[in-house]
Amino acid sequence: MDAVYDVAVIGGGPAGVTAAIYTKRKLLRTILITKDIGGQVLLTANIENYPGFVERSGGRLADYFEQQLSDLGVDIAYDTVRAVSRESDLFRIECEERELLSRTVIATGGSSHKRLDIPGEKEFFGKGVFVCATCDAPLTKNKVVAVVGGGNAAFQSAELLSKYATKVYLLHRRSDYRADGLLVERVKRLGNVEMMRDTVVKEIKGKDKVEAITVEDLNTGRRSDLVVQRVFVEIGRELKVDYLKGLVKTNERGQVVVDKLQRTSCEGVFAAGEITDLPYGQAIISAGQGAVAGLAAFDYLASKKFEPT
Ligand SMILES: Cc1cc2nc3c(=O)[nH]c(=O)nc-3n(C[C@H](O)[C@H](O)[C@H](O)COP(=O)(O)OP(=O)(O)OC[C@H]3O[C@@H](n4cnc5c(N)ncnc54)[C@H](O)[C@@H]3O)c2cc1C
């Protein structure tokens, strides 16, 4: 018989780490299954809006996550979850290297931003090339900025960045936009946003910092350079929810639908952080949802008259 956990937390970003801290402190038998500890925080050079954390380096914050989990004695399985399925009143969690049974599941797989995969993007990532306008908008003060994308995220970013930057180029590879019409109209009215359609970015250039981008007009094939100091890549994100397929309800964007206690449509399965249908992606928000999910999982088990081990 496999070991049975009370709570299996999937994902080691802010949401999963917080959920595991809460369930472990409730003396629930907790396992955290994750590919890494930190999640997207590991990609964050400068985190300035996580209360109480003043050191700024995302890597450092992830170190603290790891230390706190270790101090509490949370079991960590470094593995990739492939599928979660119901097995009578338990859940079977199939990973690449192991299988586990648990009474509850807290899913926090997060997301990853799609990349352009062009020269210069990797070299300047976090140093002129960004993926999160909410996080990095202040770095565009008095700069010229390019936002790449044609969906709501790109338009919302352009709208926000227009308040800081002197000029914003909004570059889209197609002739029509996926963003909501009202949002498009609002951005069109902004005096410092120039919208360029049928345009692809071929390269991000600069010596030690971003100085220009090379763009191609898809109608004429003509290439030209735009002088910019910041680039925001907003071409979509991939939600890490495959392993929940068929188990929980998702919305038209593929986000897991949760109630205010982070409960999904499947009893015993909770979700927190960027995979949920909350429209904000921030470390503190994921952590807050993780705390709620941990407490709600405890209450759920208590309602089943289950005694912690
Ligand atoms: C470059 C960058 C800068 C940012 N700057 C800031 C900032 O300044 N301030 C701020 O508040 N936020 C910032 N963010 C956003 C913030 O990092 C995220 O909102 C937050 O990390 C989301 O937390 P999460 O726990 O929901 O998901 P994630 O951080 O994405 O964590 C998901 C976890 O799940 C694991 N996982 C995924 N799939 C599986 C699977 N199948 N099996 C096992 N494990 C799995 C991943 O390995 C990861 O550990 C930034 C993000 C980026 C990319």
Side-chain angles (χ1 to χ4, degrees), residues 8-21 31-62 65-66 69 76-84 93-98 100 105-115 121-122 124-139 153 157 230-234 236-245 255-256 258 262 270-294:
V9 179
I10 302 169
V17 168
T18 312
I21 289 170
I31 184 151
L32 177 63
I33 313 161
T34 186
K35 299 186 215 177
D36 55 62
I37 299 296
Q40 291 172 68
V41 162
L42 291 166
L43 305 173
T44 310
N46 236 330
I47 186 157
E48 296 183 11
N49 50 8
Y50 196 90
F53 177 70
V54 291
E55 291 177 45
R56 295 188 174 186
S57 147
R60 195 81 188 106
L61 181 58
F65 284 172
E66 204 160 357
L69 292 167
I76 302 175
Y78 288 97
D79 209 338
T80 300
V81 176
R82 291 275 179 232
V84 180
I93 298 143
E94 292 168 47
C95 309
E96 262 175 18
E97 291 176 23
R98 52 175 75 70
L100 304 162
V105 172
I106 301 178
T108 72
S111 72
S112 64
H113 291 82
K114 291 185 186 156
R115 305 282 171 97
E121 184 184 40
K122 207 169 165 193
F124 292 116
F125 192 77
K127 295 174 282 186
V129 176
F130 304 100
V131 292
C132 173
T134 309
C135 313
D136 296 312
L139 302 177
S157 296
R230 303 281 185 261
V231 179
F232 282 75
V233 181
E234 289 286 5
R237 40 172 82 191
E238 192 191 325
L239 296 175
K240 309 289 180 181
V241 289
D242 287 3
Y243 48 88
L244 294 176
K245 216 171 177 184
Q255 298 163 317
V256 180
V258 289
Q262 306 303 136
F270 302 79
E274 286 198 358
I275 59 166
T276 69
D277 54 349
L278 196 75
Y280 310 113
Q282 289 287 277
I284 190 65
I285 294 173
S286 287
Q289 285 189 311
V292 174

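Whatever order the structure lists ligands and atoms in, that order sets their numbers, starting from 1.
- With a 4.0 Å cut-off on non-hydrogen atoms, Lys240 touches ligand 1 through its side chain and not its backbone.
- With a 4.0 Å heavy-atom cut-off, ligand 1 is reached by the side chain of Val131 but not by its N, CA, C or O.
- When Thr108, Ile106, Ile37 are each tested for a side-chain contact (heavy atoms from CB on, under 4.5 Å) with Leu32, only one passes: Ile37.
- Considering backbone and side-chain N/O of Asp136, none are found under 3.5 Å from N/O of ligand 1.
- Closest approach of Ala283 to Val41, counting heavy atoms only: CB-CG2, 4.3 Å.
- With ligand atoms numbered from 1 in the order given, ligand 1 contributes 26 (O) to contacts under 4.0 Å with heavy atoms of Gly273.
- Annotation for ligand 1: atoms under 4.0 Å from non-hydrogen atoms of Gly39 are 29 (O), 31 (O), 48 (C), 49 (O).
- Taking distance alone, with nitrogen or oxygen atoms compared against 3.5 Å, His113 stays at or beyond that limit from ligand 1.
- Scanning all heavy atoms of the two residues, the minimum distance from Leu244 to Ala107 falls at CD1-CB, 3.7 Å.
- Remark: side-chain polar atoms of Thr34 are paired, donor with acceptor, to backbone N or O of Gly12 under 3.5 angstrom.
- Taking any N or O of Glu48, backbone or side chain, none lies under 3.5 Å from an N or O belonging to ligand 1.
- Atom numbering of ligand 1 starts at 1 in the shown order; those under 4.0 Å from a heavy atom of Ile47 are 7 (C), 8 (O), 9 (N).
- Considering Gly13, Gly11, Pro14 only, the shortest heavy-atom separation from atom 20 (C) of ligand 1 involves Pro14.
- Distances from atom 51 (C) of ligand 1 to the heavy atoms of Arg237, Arg82, Gln40 show the closest one on Gln40.
- Heavy-atom proximity to Gly12, at under 4.0 Å, picks out these atoms of ligand 1: 33 (C), 34 (O), 48 (C), 49 (O).
- Atom numbering of ligand 1 starts at 1 in the shown order; those under 4.0 Å from a heavy atom of Thr108 are 32 (C), 33 (C), 34 (O).
- No heavy atom of Val17 sits closer than 4.0 Å to any atom of ligand 1.
- Annotation for Ser157 and Glu234: closest pair OG-OE2, 2.9 Å, computed over non-hydrogen atoms.
- Minimum heavy-atom separation, Leu239 to Ser111: CD2-CB, 3.9 Å.
- Residues Ala271 and Val256 share a closest heavy-atom pair of CB-CG1, 3.9 Å.
- Compare Ala272, Gly58, Cys135, Gly281 by their heavy atoms: the one nearest to atom 14 (N) of ligand 1 is in Cys135.
- Between Ala15 and ligand 1, at least one pair of N/O atoms sits closer than 3.5 Å.
- Proximity to Asp79 (heavy-atom distance under 4.0 Å) selects the following atoms of ligand 1: 42 (N), 43 (C).
- Contact annotation: for Ser112 versus ligand 1, there are no heavy atoms closer than 4.0 Å.
- Heavy-atom distances between Ser111 and ligand 1 reach below 4.0 Å in at least one pair.
- Checked by atom type and distance alone, the side chain of Asp79 pairs as donor or acceptor with a backbone atom of Glu96 at under 3.5 Å.
- For residues 48-62, the pairs satisfying salt bridge (Lys or Arg N to Asp or Glu O under 4.0 Å) are Glu48-Arg56, Glu55-Arg60, Arg60-Asp63, with sequence neighbours left out.
- Under the ring-ring contact (aromatic ring centres under 6.0 Å, His included) test applied with Phe232, the options Phe130, Phe124, Phe125 reduce to a single match, Phe130.
- Contact annotation: for Asn46 versus ligand 1, heavy atoms closer than 4.0 Å belong to the backbone alone.
- At distances below 3.5 Å, not a single donor-acceptor pair connects side-chain atoms of Gln255 with backbone N or O atoms of Ile275.
- Residue contacts with ligand 1 for Tyr243 involve side-chain atoms from C-beta outward but no N, CA, C or O (heavy atoms, distance under 4.0 Å).
- The contact set between ligand 1 and Leu43, taken as ligand atoms under 4.0 Å from a residue heavy atom, comprises 1 (C).
- Contact record, Tyr280 with Ile285: CB-CD1, 3.5 Å, taken as the closest heavy-atom pair.
- Closest heavy-atom approach to atom 24 (P) of ligand 1 among the candidates Ala283, Ser286, Ala62: Ser286.
- Residue contacts with ligand 1, taken as heavy atom pairs separated by less than 4.0 Å, involve Asn49 solely via side-chain atoms from C-beta onward.
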